[in-house]
Amino acid sequence: MSKFDFESLTLEEVELIENLTNSSIDEAFGDGKPKGKALSAFVWVVQKRTNPNYKMEDAKKLSLKEALSMIQGDETKKE
């Protein structure tokens, strides 16, 4: 699974993730917060960009490692 540039989320996608998680995007991915709901929402929103038939159930079947690898971002931008 390819890595995703978090900053490329549209405001509509950010709002959708916030509605699905019932918290701000910063809170949804904050330290110590449960990650299952936030990661599922994030993966689902991102995958729907290229596959409109992608379902939330598909996102929930990913391993934690697969989901986390998507949100690591582009390491080259951090330099």
What distance do Glu66 atom CD and Lys61 atom NZ have between them, rounded to the nearest 0.5 Å?
13.0 Å
My understanding is that only residues two or more places apart in sequence, or in another chain, count here; which of them pass salt bridge (Lys or Arg N to Asp or Glu O under 4.0 Å) with Glu18?
none
Nearest 0.5 Å, please: how far is CG in Leu20 from CE in Met56?
4.5 Å
Over all heavy atoms of both residues, which pair between Asn53 and Asp58 is shortest? Give the atoms and the distance, please.
O-OD2, 4.4 Å
For Glu27, enumerate each residue passing the side-chain contact (heavy atoms from CB on, under 4.5 Å) test, keeping only those at least two apart in sequence or located in another chain.
Ser23, Ser24
d(Asn22 CG, Ile17 CD1) to nearest 0.5 Å is 13.5 Å
With a cut-off of 3.5 Å and sequence neighbours excluded, list every side-chain donor-acceptor pair involving residues 34-46.
from: Lys35; atom 1: NZ; to: Gly30; atom 2: O; distance (Å): 2.5
from: Lys35; atom 1: NZ; to: Lys33; atom 2: O; distance (Å): 3.1
from: Ser40; atom 1: OG; to: Gly36; atom 2: O; distance (Å): 2.9
from: Trp44; atom 1: NE1; to: Tyr54; atom 2: O; distance (Å): 3.2

Could you check whether Glu13 pairs with Lys48 (Lys NZ or Arg NE/NH1/NH2 to Asp/Glu carboxylate O, under 4.0 Å)?
no
Are Leu62 and Leu64 connected in a single hydrophobic cluster, I mean Ile/Leu/Val/Met/Phe/Trp/Tyr linked by side-chain heavy atoms less than 4.5 Å apart?
yes
